[in-house]
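This report refers to the structure that appears directly beneath it.
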Amino acid sequence: TTLLTAMLNASGQIFFPYESYFLSRAYHFYGKTCSFSEDDYQALAELFKISALNNGWGMETEYIKQCLRNNRPNNFRDVNCIIYESYLDLKGIGGMRWGIKSVTSADMRIRQIRAVFPDARIVRLVRDGRDVLVSYRNIHKYEKTPFGPRGCFTTALYWADGERRANEFVGTNIFQLRYEDLISKPDKELRQLCSFLGIQFTPSMYESYHNSPYNEDVVLPEQKLRVHPNIQRPIISGNKEKYRTSLSLLGHVPIKWIHK
């Protein structure tokens with residue numbers, strides 16, 4: 001997902017900030033709220049600070065609270081729009097389209113996004129489950145706040161269950177893209193994706209995304225060396241099937257078997 005968001009950011013037409021779990025966490029409390037008090041603004045600002053990477057994308061609690069107060073949201077959709085648009089204003093790219101990056105449970109997140117943004121265009125990136133296991137192992141090894149399953153069988157079940165649940169939404173304004181196709185045929189895949197999103201395709205999206213000014217902070221500094229080192233380099237078409245050298249036979253059999 002980090003590579004894909006970097007490519008889309010490089011278009012200069014849409015921007016994906018750091019990952020945030022705010023929508024899913026706040027939805028349970030404010031998903032159907034139509035009137036917000038001063039206490040609500042405070043609670044929402046504090047929740048965003050702990051739910052978005054880089055301590056709320058580097059925004060101060062008082063700034064978030066002030067933006068909510070000034071714009072007076074009428075529903076939870078407005079709350080999300082105000083926070084995202086306020087962040088873009090801070091970056092000097094106010095008015096640009098924005099997107100939400102997520103790597104959590106597809107079924108739950110799609111349902112929540114649909115409830116808050118019924119007309120949202122959702123892009124689902126799928127990767128070989130065995131390489132997903134390799135990725136999660138690196139996350140648990142190097143991340144300060146690791147997430148996701150740890151072992152072979154738990155990852156296999158997590159990945160297969162996500163695939164089955166997400167298939168319920170196929171054809172409902174969702175574009176599904178395979179990671180392996182994105183890195184091997186970026187021109188073709190990005191052209192189709194841009195058409196779906198309604199933005200203009202440019203080859204620089206995959207040729208020089210790593211040099212785009214919009215991607216200076218696409219990942220946290222501490223993630224660039226260990227977790228996402230390739231985000232600073234040109235696209236690596238062979239960056240797949242890592243499981244062949246990183247996992248034992250026992251490691252990649254469970255996902256293959258469960259998927260069947």
Side-chain angles (χ1 to χ4, degrees), residues 1-20 53-54 91 93 96-104 106 121-143 147-148 155 159 162-163 166 174-247 252 255:
T1 55
T2 301
L3 174 63
L4 180 57
T5 54
M7 290 178 171
L8 290 172
N9 285 356
S11 72
Q13 302 164 73
I14 189 170
F15 186 79
F16 289 81
Y18 289 125
E19 187 172 347
S20 168
L53 291 188
N54 196 29
K91 291 187 67 66
I93 53 176
M96 186 181 291
R97 291 175 63 184
W98 49 267
I100 300 172
K101 178 187 175 184
S102 170
V103 295
T104 54
R121 300 182 185 184
I122 297 176
V123 180
R124 181 169 181 267
L125 185 65
V126 183
R127 190 175 188 180
D128 187 309
R130 293 161 292 190
D131 276 347
V132 171
L133 172 57
V134 175
S135 179
Y136 274 129
R137 284 189 169 181
N138 287 335
I139 287 173
H140 281 283
K141 184 176 181 180
Y142 299 117
E143 282 274 22
F147 59 89
T155 301
W159 179 85
E163 289 294 291
I174 295 180
F175 185 94
Q176 184 161 292
L177 172 66
R178 292 194 61 82
Y179 173 80
E180 291 79 10
D181 293 335
L182 177 64
I183 61 175
S184 61
K185 300 176 291 184
D187 193 288
K188 175 184 177 182
E189 299 299 324
L190 286 175
R191 284 181 186 276
Q192 294 176 349
L193 176 56
C194 287
S195 176
F196 171 76
L197 293 175
I199 63 176
Q200 183 178 357
F201 166 79
T202 60
S204 62
M205 292 173 65
Y206 68 88
E207 291 178 346
S208 56
Y209 63 86
H210 52 294
N211 292 323
S212 171
Y214 296 110
N215 286 323
E216 291 179 356
D217 54 0
V218 68
V219 296
L220 297 174
E222 61 266 26
Q223 294 178 329
K224 290 183 178 180
L225 295 178
R226 300 277 191 176
V227 182
H228 298 296
N230 294 335
I231 203 65
Q232 305 171 85
R233 307 166 184 164
I235 194 168
I236 304 174
S237 59
N239 190 36
K240 55 186 177 180
E241 298 185 348
K242 291 184 175 181
Y243 66 88
R244 294 187 181 277
T245 56
S246 300
L247 299 179
H252 59 78
I255 293 177

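Residue numbers count from 1 along this sequence. As a basis for the values below, the full set of heavy atoms in this structure was taken, side chains included, without hydrogen atoms, waters or symmetry mates.
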Worksheet item: Is there a side-chain contact between Phe16 and Leu4 (heavy atoms, below 4.5 Å)?
Response: no
Practice prompt. Provide the closest heavy-atom pair for Ile235 versus Ile183 in the form atom of the first, atom of the second, distance.
Written response: CD1-CA, 3.6 Å
Worksheet entry | Side chain to side chain, Arg121 and Phe196, heavy atoms closer than 4.5 Å | yes
Practice prompt. Apply salt bridge (Lys or Arg N to Asp or Glu O under 4.0 Å) to Arg178 and list each qualifying residue two or more places apart in sequence or on a separate chain.
Written response: Glu180
Fill in: Phe15 to Tyr214 - nearest heavy-atom pair and separation
CE1-O, 3.3 Å
Worksheet item: So, the side chain of Arg97 versus the backbone of Leu197: is there a donor-acceptor pair under 3.5 Å, distance only?
Response: yes
Discussion item. For the OH atom of Tyr206 and the CE atom of Met7, what is their distance to the nearest 0.5 Å?
Written reply: 9.5 Å
Discussion item. Within the 4.5 Å heavy-atom criterion, are Glu19 and Thr1 side-chain neighbours or not?
Written reply: no
Worksheet entry | Selection residues 188-210 - residue pairs positive for salt bridge (Lys or Arg N to Asp or Glu O under 4.0 Å), sequence neighbours left out | Asp187-Arg191
Response to the item:
For Lys91, the side-chain hydrogen bond (donor to acceptor under 3.5 Å, both in side chains) test, sequence neighbours excluded, returns Asp217
Worksheet entry | Atom of Pro17, atom of Lys101 and distance for their closest heavy-atom approach | O-CB, 4.5 Å
Discussion item. Going by side chain to side chain donor-acceptor pair (under 3.5 Å), name the pairs with one or both residues in residues 192-203, residues two or more places apart or in two chains.
Written reply: Thr202-Ser204
Item to complete: Determine the minimum heavy-atom distance between Gly99 and Ile14, stating which atoms define it.
Response: N-CG1, 4.5 Å
Fill in: Rounded distance [0.5 Å steps], CE in Met205 versus OG in Ser212
10.0 Å
Worksheet item: So, does Asn215 use its side chain to make a donor-acceptor pair with the main chain of Asn9 at under 3.5 Å?
Response: no
Worksheet, complete the sentence: Rounded to the nearest 0.5 angstrom, the CG-CG distance for Asp181 and Leu125 is 10.0 Å
Item to complete: Taking side chain to side chain contact (heavy atoms under 4.5 Å, CB included) as the test, write out the residues that go with Ser20, two or more places apart.
Response: Phe22, Phe48, Ala52, Trp57, Tyr84
